[in-house]
Amino acid sequence: MDTTMENSTQNNLFYLFGLQETFNNKSVYFILSLITYLLIITPMYIFLCSLCVNGLYGTAGFYPKVLLDLQSDVQVISYGGCFTQAYVIYTFVMCEISTLTVMSYDRYVAICRPLLYHTIVTTLTVRKLLLFSWCYPLFITLIALSLTFGIPLCGSRIDKIFCDIPSMLKHACLPITFNQNLNKFVIVVHALPILFIVFSYCQIVRNCVKSAKGRYKFTQTCVPHLITIFIFITVTLFDNLQGWNNVNITLNMRNAMAVQFLVIPPVFNPLIYGLNLQQIRRAVFKKCNAHKIIDMKR
């Protein structure tokens with residue numbers, strides 16, 4: 001036991017082995033990752049504020065590091081850096097779910113209670129909901145990571161391309177039953193907003209199917225949102241569950257599934273939630289046409 005505890009104090013770096021099977025195509029993966037990151041950054045200023053900030057926040061904790069790793073022979077990250085990256089990614093996921101919950105509530109009131117919309121969804125209400133959707137994830141993740149931070153570790157290998165709690169706790173020198181139960185509790189708590197999202201859209205469907213115009217509006221605005229939410233929740237749960245359990249799949253497949261929640265929402269949220277709004281779409285197209293006219297005059 002003494003020898004084990006002595007070894008646990010020597011792990012100041014974590015080694016990320018998630019890219020070991022991509023060495024032959026590092027340049028291709030680097031270009032694809034860089035293009036995806038740029039696509040996420042450039043259009044964000046014209047779309048919904050909370051999802052924009054959260055998308056940039058979450059991807060900033062992943063893409064710069066993975067782009068650097070794709071250009072390096074050895075992928076390492078410091079002990080503190082690993083916890084910082086895990087904190088950013090976890091809070092990004094939780095903020096995404098919280099914000100989508102707030103948006104589903106807003107959509108439910110707008111479609112099912114249109115006459116009471118401005119009475120229910122006041123400016124003060126929106127501020128409170130958004131404040132809660134950010135503060136709660138930041139706080140609960142800080143508690144989870146602070147309980148993990150002091151645990152002595154007897155290894156440094158992480159078979160992923162980013163840090164998370166399960167990957168770090170696999171090297172714990174002490175029992176981690178409490179941490180595992182805390183992780184399950186957080187999953188259950190975040191299942192409640194998901195159930196609320198499902199309830200909201202079920203009510204919207206009941207309201208929209210009554211008329212052809214309602215069905216068209218639901219198809220144009222709600223179906224893309226539901227598809228994105230479903231994919232995001234599915235891959236997030238997969239990444240969390242396979243982190244605590246040994247899933248018999250290849251490393252590349254595991255990484256491909258794991259990074260979906262860091263790719264799909266930031267890339268597609270601007271298109272789905274932004275360009276479906278007529279005012280924004282018209283403004284974007286008008287600006288693009290204006291640039292074309294200016295270029296033609298030159």
Below 6.0 angstrom between ring centroids: does that apply to F83 and Y90? no

Any side-chain to backbone donor/acceptor pair from N181 onto T177? Under 3.5 Å, distance only. yes

Do L174 and P152 make a side-chain contact, defined as non-hydrogen atoms from C-beta onward lying under 4.5 Å apart? yes

Would you say Y79's side chain and F149's backbone share a donor-acceptor pair under 3.5 angstrom? yes

Just to verify, what does T125 make a side-chain contact (heavy atoms from CB on, under 4.5 Å) with, not counting sequence neighbours? T122, L129

side-chain hydrogen bond (donor to acceptor under 3.5 Å, both in side chains) against D159, all qualifying residues, sequence neighbours excluded: R157

Partners meeting side-chain contact (heavy atoms from CB on, under 4.5 Å) with C202 (sequence neighbours left out): V198

Test item: Y108 side-chain N/O and R113 main-chain N/O as donor-acceptor pair under 3.5 Å: no

Suppose we screen for side-chain contact (heavy atoms from CB on, under 4.5 Å). Which residues come up paired with Y136, at least two apart in sequence or across chains? F132, I140, V189, H190

Closest approach of A86 to M168 (non-hydrogen atoms, all atoms of both residues): CB-CE, 4.1 Å

Rounded at 0.5 Å granularity, tell me how far OH in Y57 sits from CZ in F62. 15.5 Å

Any S72 side-chain heavy atom under 4.5 Å of L68 side chain: yes

Restricting to non-hydrogen atoms, name the atom on I151 and the atom on A172 that form the minimum distance, rounded to 0.1 Å. CG2-CB, 3.8 Å

Please assess V109 against L116 for the test side chain to side chain contact (heavy atoms under 4.5 Å, CB included), listing each intermediate value before the final yes or no. CA-CA 8 Å; V109 176; L116 298 175; 5.7 Å; no

Pair I197-L100, side chain to side chain contact (heavy atoms under 4.5 Å, CB included): steps then yes or no: CA-CA 8 Å; I197 293 174; L100 290 174; 4.1 Å; yes

What distance separates T99 OG1 from M94 CE, expressed to the nearest 0.5 Å? 13.0 Å

For C163, what residues pass the disulfide (SG to SG under 2.5 Å) criterion, not counting sequence neighbours? C82

So F196 and Y105, would you call those rings parallel, tilted or perpendicular, with 30° and 60° as cut-offs? tilted

Which atom of C95 lies closest to which atom of N54, heavy atoms considered: CB-OD1, 3.3 Å

Evaluate side chain to side chain contact (heavy atoms under 4.5 Å, CB included) for W134 paired with T91, printing each intermediate quantity in order. CA-CA 8 Å; W134 274 90; T91 51; over 6 Å; no

Minimum heavy-atom separation for L153 to C173, with atom names? C-SG, 3.4 Å

If you apply the rule side-chain hydrogen bond (donor to acceptor under 3.5 Å, both in side chains), what do you find for D164 with S167, and how did you get there? CA-CA 6 Å; D164 62 4; S167 298; 2.5 Å; yes

Has T141 got a side-chain atom pairing as donor or acceptor with L138's backbone, closer than 3.5 angstrom? no

Nearest atoms (heavy-atom pairs only) where V102 meets S133: CG2-CB, 4.3 Å

Is the backbone of Q75 close enough, under 3.5 Å, to the side chain of D69 for a donor and an acceptor to pair up by distance? no

Quick one: pull up OG1 in T236 and CD1 in I89 and give me the separation to the nearest 0.5 Å. 11.0 Å

Contacts of F139 meeting side-chain contact (heavy atoms from CB on, under 4.5 Å) (sequence neighbours excluded), chain-then-number -> I143

How far does CE of M103 sit from OG of S98, to the nearest 0.5 angstrom? 13.0 Å

Rounded to the nearest 0.5 Å, what separation is found between the CD1 atom of I229 and the CD1 atom of I97? 10.0 Å

Do V93 and L192 share a hydrophobic cluster, counting only Ile, Leu, Val, Met, Phe, Trp and Tyr and linking them when any side-chain heavy atoms are less than 4.5 Å apart? no

How long is the gap from NZ on K170 to CD1 on I158, to the nearest 0.5 Å? 10.0 Å

Using the rule given for side chain to side chain contact (heavy atoms under 4.5 Å, CB included), can you reason through F162 versus V66, listing the C-alpha separation, both sets of side-chain angles and the distance that settles it, and then say yes or no? CA-CA 8 Å; F162 59 86; V66 78; over 6 Å; no

Transitively linked via ILVMFWY side-chain contacts under 4.5 Å: I120 with F199? no

